[in-house]
Amino acid sequence: MANVFAKGLLLSVTIGLLAACNDPDTRPQIDIEGKTMGTFYSVKVSGDVAVNKQQLQQQIDAVLERANDDISTYRNDSVLSRFNQTQSTEPQPIPRGMADIILMAQRIGRDTQGAMNITVGPLVNLWGFGPDKRVVKVPSQQQIEAAQKNIGLQHLKLLSDSRGEWLQKDLPGMYVDLSTLGEGYGVDQLVQLMARNGITHYLVSVGGAVSSRGINGQGKPWRVAIQKPTDRENAVQALVDLQGYGISTAGSYRNYFEQDGQRYSHVIDPTTGRPITHRLVSATVIAPTALEADGWDTGLMVLGTEKALKLAEEKGLAVYLISKTDDGFSAVMTPQFKAFLVK
């Protein structure tokens with residue numbers, strides 16, 4: 001797994017491509033890019049702001065660095081890594097932000113009946129997609145069953161008292177992996193940073209998670225492209241105007257390994273202990289926060305097209321699903337998603 005948190009980079013940003021350079025609505029725009037969480041981030045701010053580009057970049061890097069210090073499994077000294085390393089079943093103190101991630105993960109985990117499962121780390125590592133990525137062969141059924149013994153959301157408790165937030169496991173060998181929500185969490189942290197600086201026109205992205213508000217430097221709404229599940233970077237499937245919401249896409253086809261002609265995706269089904277085999281190749285979710293969108297897209301990917309669409313309709317989610325067919329790809333969306341489409 002090349003990226004710490006990247007799950008399928010199927011979103012890209014378009015910035016009023018048809019706007020003329022001499023448009024009277026043109027306004028100043030700051031573009032900042034960098035690396036974080038094993039992937040890339042981008043921040044675009046338009047209009048007059050109280051901070052300059054250098055100051056804003058320093059603040060951005062500091063915010064994302066703190067996120068890594070909290071939840072990265074690629075840092076041995078992160079809060080999450082220390083929790084995973086301990087064999088203690090006593091409550092361990094965690095930052096408020098990390099508690100927010102786990103609370104969201106638990107809710108979506110219940111709603112997806114365990115398809116989105118942050119305790120699936122032992123299986124992710126077993127299949128070679130964790131921080132100790134290595135050349136692997138397909139695990140035996142015995143190895144899979146042994147890993148599954150340390151998995152289960154019911155074995156993880158989030159506690160809160162006057163001193164702060166605490167995380168407790170009742171399986172000493174449990175390994176919590178928050179990678180599936182890391183990008184969305186990073187985006188929401190950047191959104192909060194924009195608010196603290198009084199910035200009301202922005203587009204921020206970390207890997208496959210994006211959030212936007214207001215208009216861009218050409219006076220046009222920020223627009224995000226959902227890419228077709230191919231290796232062509234500019235193959236656009238659909239365009240959306242987020243209208244202040246967050247969006248995240250999970251995909252199954254870019255992070256995998258092959259053995260004996262069989263492709264094994266990094267998306268693991270906790271129930272079987274194996275990579276998914278159904279035909280859903282990407283799931284895009286729009287939600288009030290990028291964190292929520294980032295949690296749902298993975299759970300829906302595990303479920304597959306039919307179950308994912310049924311659950312999305314029951315929950316009233318804005319969801320766009322792309323599936324592999326014998327002739328190429330097919331897409332289906334919920335009515336809630338259609339409201340964000342750029343006609």
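If you're wondering where the values come from, they're calculated on a predicted model, not measured in any experiment.
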Problem set entry | Thr119/Tyr175 under side chain to side chain contact (heavy atoms under 4.5 Å, CB included): CA gap, chis, key distance, verdict | CA-CA 6 Å; Thr119 72; Tyr175 185 102; over 6 Å; no
For this session: List the steps and the verdict of side-chain hydrogen bond (donor to acceptor under 3.5 Å, both in side chains) for Asp327 and Thr325.
Result: CA-CA 5 Å; Asp327 301 322; Thr325 68; 5.3 Å; no
For this session: For Asn68 and Met37, run side chain to side chain contact (heavy atoms under 4.5 Å, CB included): C-alpha distance rounded to whole Å, both residues' side-chain angles, the deciding distance at 0.1 Å, then the answer.
Result: CA-CA 7 Å; Asn68 267 315; Met37 302 177 178; 3.6 Å; yes
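Gly244 and Ser211 get closest at one heavy-atom pair: O-OG, 4.4 Å. Nearest approach of Phe129 to Tyr74, heavy atoms of both residues: O-OH, 4.3 Å. Shown here for Ser323 and Thr305, the closest heavy-atom pair between the two residues is OG-OG1, 2.6 Å.
Side-chain heavy atoms closer than 4.5 Å link hydrophobic residues (I, L, V, M, F, W, Y) into clusters, and following such links, possibly through other members, connects Leu103 to Met174.
The main-chain N or O of Gln189 is never found under 3.5 Å from a side-chain atom of Gln192 such that the two would form a donor-acceptor pair. With hydrogens and angles disregarded, no donor-acceptor distance shorter than 3.5 Å links the side chain of His155 to the backbone of Leu171. Between the Asp177 side chain and the Gly121 main chain, no donor and acceptor come within less than 3.5 Å of each other. Judged by distance alone, the side chain of Glu183 and the main-chain N or O of Gly208 form a donor-acceptor pair under 3.5 Å. A donor-acceptor pair under 3.5 Å links the side-chain atoms of Thr334 to the main chain of Leu317, judged by distance alone. A donor-acceptor distance shorter than 3.5 angstrom exists from the side chain of Gln143 to the backbone of Ser140, with no hydrogens or angles considered. Panel note: side chain Trp296, backbone Ile108; no donor-acceptor pair is recorded below 3.5 Å. A donor-acceptor pair is defined here as one N or O able to donate and one able to accept, closer than 3.5 Å; such a pair exists between the side chain of Gln148 and the backbone of Thr271. For the pair Gln85 (side chain) and Asn76 (backbone), a donor-acceptor distance under 3.5 Å is present. Counting only distance, with no hydrogens or angles, the side chain of Thr249 and the backbone of Ile226 share no donor-acceptor pair below 3.5 Å.
Here the straight-line distance linking atom OG of Ser205 with atom CG of Leu190 works out to 9.0 Å at 0.5 Å rounding.
Annotation: cation-pi pair Lys324/Phe329 present, NZ/CZ under 6.0 Å from the ring centroid and within 45° of its normal. Taking the ring axis of Phe83 as reference, the NZ or CZ atom of Lys169 stays within 45° of it and closer than 6.0 Å to the ring centre.
Residues forming a salt bridge (Lys or Arg N to Asp or Glu O under 4.0 Å) with Asp161 (at least two apart in sequence, or on another chain): Arg163. Applying the salt bridge (Lys or Arg N to Asp or Glu O under 4.0 Å) test to Asp100 and every residue at least two apart in sequence or in another chain returns Arg96. Residues satisfying the salt bridge (Lys or Arg N to Asp or Glu O under 4.0 Å) test with Asp77, not counting sequence neighbours, are none.
Looking at Asp241 and Arg223, no side-chain N of the basic residue comes within less than 4.0 Å of a carboxylate O on the acidic one, giving no salt bridge. With respect to the salt-bridge test (charged N to carboxylate O, under 4.0 angstrom), the residues Asp269 and Arg274 do not qualify.
More than 12 non-hydrogen atoms from other residues, nucleotides or ligands lie less than 6.0 angstrom from CD of Gln141.
Note: Tyr245 and Phe340 have perpendicular aromatic rings, judged against thresholds of 30 and 60 degrees for the angle between ring planes.
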